[in-house]
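Before anything else, here's the structure in question.
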Amino acid sequence: MPKKLTHAEWRELRAELIPRVADWICRYDDVLTVRGRKFADRAMVKANLAGEVGTRTLFEPVLLVSLADPAAEMSELLEVCDRIPFTGD
């Protein structure tokens, strides 16, 4: 389980993860409708790892794409996501 992160480590993780998620979504752009694309774009603007809502906002488009295209390979996201510490109960 990842350790508690410092503010600098959180910034570094966000700086690495959000662009990687955005690139991944762009790669599978063909499975999204115009409305789905707007949803994904808005999510990338508002996404953060500061709490449950921001994290959910980041990963909702990933789930949408993975449900629309079962061949979507999420393993490249998992290597970064594995570093997000669980802070819930």
Side-chain angles (χ1 to χ4, degrees):
M1 180 175 220
K3 63 180 176 62
K4 187 174 179 180
L5 301 178
T6 65
H7 291 294
E9 290 171 323
W10 277 112
R11 277 193 305 274
E12 180 183 316
L13 185 59
R14 273 193 309 269
E16 183 180 351
L17 180 62
I18 292 174
R20 188 177 284 196
V21 169
D23 290 343
W24 186 86
I25 289 171
C26 285
R27 224 172 312 143
Y28 296 101
D29 200 9
D30 58 328
V31 299
L32 296 174
T33 63
V34 173
R35 187 174 180 187
R37 184 70 220 160
K38 287 181 184 176
F39 172 74
D41 289 342
R42 192 173 338 112
M44 291 306 104
V45 170
K46 293 183 174 187
N48 61 56
L49 297 174
E52 178 185 344
V53 174
T55 304
R56 187 178 67 226
T57 301
L58 176 63
F59 288 106
E60 280 176 342
V62 172
L63 293 174
L64 179 68
V65 169
S66 67
L67 289 172
D69 186 0
E73 189 63 44
M74 292 177 37
S75 60
E76 66 189 70
L77 297 177
L78 296 178
E79 55 192 47
V80 178
C81 294
D82 193 37
R83 295 190 349 236
I84 302 170
F86 176 73
T87 57
D89 296 331

*Min side-chain heavy-atom separation Pro61-Met44 under 4.5 Å*: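 Yes, at least one pair of side-chain atoms sits under 4.5 Å.
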*asked:* Set out, in order, the CA-CA distance, both residues' side-chain angles and the distance that settles side chain to side chain contact (heavy atoms under 4.5 Å, CB included) for Leu58 and Asn48, then state yes or no.
replied: CA-CA 7 Å; Leu58 176 63; Asn48 61 56; over 6 Å; no
*Given the rule that I, L, V, M, F, W and Y join up when any side-chain heavy atoms are under 4.5 Å apart, are Val80 and Trp10 in one cluster?*
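Val80 clusters together with Trp10.
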*Under 3.5 Å, side chain of Trp24 to main-chain N/O of Glu73, donor-acceptor pair present?*
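Yes; at least one donor-acceptor contact below 3.5 Å.
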*When rounded to the nearest 0.5 angstrom, what distance separates CD in Glu76 from CG in Leu78?*
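Spacing of CD (Glu76) from CG (Leu78) equals 9.0 Å.
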*Met74 with Phe59, same ILVMFWY side-chain cluster at under 4.5 Å*: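 Yes: a chain of side-chain contacts under 4.5 Å links Met74 to Phe59.
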*Under 4.0 Å between a Lys/Arg side-chain N and an Asp/Glu carboxylate O for Arg27 and Asp23?*
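Salt bridge absent between Arg27 and Asp23.
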*Gap separating the CD1 atom of Ile84 from the CG atom of Leu49, nearest 0.5 angstrom*: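 Between atom CD1 of Ile84 and atom CG of Leu49 there are 5.0 Å.
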*Would you mind reporting whether Leu77 and Val21 have side-chain heavy atoms less than 4.5 Å apart?*
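They are in contact (side-chain heavy atoms under 4.5 Å apart), so the answer is yes.
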*Quick one: CD1 on Ile25 to CG on Leu32, what's the gap to the nearest 0.5 Å?*
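One finds 7.5 Å between CD1 of Ile25 and CG of Leu32.
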*Return the minimal non-hydrogen interatomic distance between Ala47 and Ile18, and the atom names on each side.*
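Residues Ala47 and Ile18, closest heavy atoms: O-CD1, 3.5 Å.
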_Any side-chain to backbone donor/acceptor pair from Glu60 onto Thr57? Under 3.5 Å, distance only._
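Not at all, since once roles are kept as given, no pair shorter than 3.5 Å links the two residues.
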_Carboxylate-amine/guanidinium contact Arg83 Glu16, below 4.0 Å_ =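 Yes, Arg83 and Glu16 are salt-bridged.
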*Is a side-chain donor or acceptor of Arg14 paired with a backbone partner of Glu9 at a separation under 3.5 angstrom?*
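Not a single qualifying donor-acceptor pair exists.
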*Glu52, CD atom: more than 12 neighbouring heavy atoms under 6.0 Å*: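 12 or below, so no.
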*asked:* What's the separation between atom CG in Asp29 and atom CZ in Arg37, rounded to the nearest 0.5 Å?
replied: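 Those atoms lie 4.5 Å apart.
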